Amino acid sequence: MQLSSFGRKFCQASGTLKLMDDLGEAFSSEREMINLGGGNPSHIASIEALFRARLGVLAQRPGELERVVGEYGGPGGDGAFAESLSRLLRAELGWDVGPRNVCVTNGSQSAFFGLFNLLAGPCDDGINRKIMLPMAPEYIGYADVGIAPELFVSRRPMIDFLEDKLFKYRVDFTGLSVGSDIGAICVSRPTNPTGNVLTDDEVSALRELAREADVPLILDDAYGAPFPNIIFGDVNPVWDEDMILCMSLSKLGLPGIRTGIVVASEEVVRALSAVNAILSLAPGSMGPALAIDLIESGEILRISREVIEPHYRDRAARATDLLREELCDYDVFVHKPEGAIFVWLWCRGLPVTNAVLYERLKERGVVVVSGEYFFPGLEEDDWIHKRECLRLTYADDPEKVERGLRIVAEEVRRAYGADAS
Ligand code: PLP
């Protein structure tokens with residue numbers, strides 16, 4: 001088969017594909033594996049019961065299920081859903097947003113494909129624009145979505161050492177400028193893989209930089225406010241028409257129905273709807289149909305605040321405490337858990353690479369994600385830090401997670417005691 005340049009780029013050994021293949025292979029074996037690797041949210045019984053009940057209501061309302069599954073929606077998604085969501089955002093957060101500022105996509109991953117390729121790559125003015133990630137580590141899912149090669153530029157963060165073997169990344173604004181070759185700035189808040197939450201000051205500074213350069217600031221809100229609200233401190237959710245906010249129903253517990261929601265200027269919503277129309281005619285309708293009543297009643301905010309956030313906060317604290325206790329005698333640090341569903345472990349001066357550690361852990365039945373995948377735009381940088389970190393998710397069954405983390409700690413101790421062969 002003769003592949004096009006696009007075909008070759010998408011079929012090459014991309015980080016995302018390798019990761020998904022690897023996870024698939026690990027879990028298809030007979031052996032019981034402990035999953036500290038993937039990005040699945042927890043199965044939270046009360047949330048699942050809520051969605052089951054919503055499905056029942058949907059099925060019983062005359063004509064509703066037939067409309068949802070039996071008809072294509074518009075390319076930007078269901079108008080009633082956009083109306084409800086914008087009403088909630090206006091009332092709850094005071095944003096000046098209306099239904100025309102909302103576009104539904106088949107997962108926020110698809111939104112990123114659309115947005116990044118709309119805003120970066122070769123442009124008619126002859127400039128080959130890039131997406132600026134103000135700091136890496138950043139979400140692996142961005143890395144390969146560019147149709148044009150090398151779509152990202154990013155920078156190393158500053159590292160603050162905190163008490164109790166915690167650390168926190170901060171955006172290094174020194175010398176950070178946004179030139180005419182930048183099409184947009186993008187950050188995830190909370191960040192996958194680190195659990196970092198950018199401070200309000202960092203977000204303000206990035207908004208200012210974006211405004212000065214006349215490019216949008218894309219804020220990836222997959223874990224953020226107002227839902228699923230997996231943020232453990234107080235931060236101020238912001239939006240205006242210069243920003244593109246990418247929300248998702250996945251971490252609420254619905255990753256299988258692939259629903260992303262973009263809140264942006266009408267111009268961006270129109271452009272993204274055009275991408276939707278070409279790629280998939282229309283986004284799926286099931287996610288909005290399941291969520292709309294919860295949005296109308298405000299129940300989506302209550303479950304996010306009272307169920308989802310405390311659930312992950314507790315899991316994060318347990319995982320962090322266990323790792324710090326097990327590894328207190330080593331030069332190992334945990335990123336301050338501020339949100340999302342991961343712990344980010346930094347084993348400073350580790351005598352083996354995280355790739356070796358990953359293989360050893362797989363042999364012991366524990367799947368993790370090796371940190372070097374999470375530096376899109378920094379591929380050429382041989383920063384040793386990239387090979388010293390691991391991403392571990394604590395979303396799975398707590399007993400299994402604990403067992404898995406203890407094995408991780410054992411292997412880290414062994415690696416420090418072993419030679420770098
Ligand atoms: N953004 C971040 C930071 C994520 O972690 C994920 C998934 O794990 C996504 C976006 C994509 O989410 P989805 O396509 O399921 O909406």
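In this chain, numbering begins with 1 at the start of the sequence shown. Because the structure is a prediction, the values reported are computed rather than measured. In listed order, ligands and their atoms are each counted from 1.
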Plane angle bin for [Y] and [X] - parallel if under 30°, tilted between 30 and 60°, otherwise perpendicular:
X: W346; Y: F333; result: tilted
X: W344; Y: F375; result: tilted
X: Y394; Y: Y312; result: tilted
X: F167; Y: Y169; result: perpendicular

What atoms in ligand 1 come closer than 4.0 Å to a heavy atom of [X]?
X: R258; result: 13 (P), 14 (O), 15 (O)
X: S248; result: 13 (P), 16 (O)
X: G107; result: 14 (O), 16 (O)
X: S108; result: 9 (C), 10 (C), 11 (C), 12 (O), 13 (P), 14 (O), 16 (O)
X: S250; result: 13 (P), 15 (O), 16 (O)
X: K251; result: 7 (C), 8 (O)

Protein residue, atom and distance nearest to atom 2 (C) of ligand 1, heavy-atom basis: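 Nearest neighbour among protein heavy atoms for atom 2 (C) of ligand 1, to 0.1 Å: D220 OD2, 3.3 Å.
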
Could you identify the single nearest non-hydrogen protein atom to atom 9 (C) of ligand 1 and state the distance to 0.1 Å?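 That would be Y139 OH, 3.4 Å.
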
Any donor-acceptor pair under 3.5 Å linking the side chain of K251 with the backbone of G39?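 Side chain of K251 to backbone of G39: a pair is present.
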
Can you find an N or O of [X] that's nearer than 3.5 Å to an N or O of ligand 1?
X: Y142; answer: no
X: N192; answer: yes
X: T259; answer: no

Is it true that D220 and Y142 share a donor-acceptor pair across their side chains at a distance under 3.5 Å?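 Yes, a side-chain donor-acceptor pair sits under 3.5 Å.
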
With heavy atoms under 4.0 Å as the rule, classify the contact between A222 and ligand 1 as side chain, backbone, both or neither.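 Just the side chain.
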
Is the number of heavy atoms from other residues, nucleotides or ligands under 6.0 Å of D172 CG greater than 12?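 Yes, the 6.0 Å shell around CG holds more than 12 heavy atoms from other groups.
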
Starting at CD1 of I341, measure out to OG1 of T393 and round the result to the nearest 0.5 Å.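 Interatomic distance, I341 CD1 to T393 OG1, rounded to 0.5 Å: 4.5 Å.
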
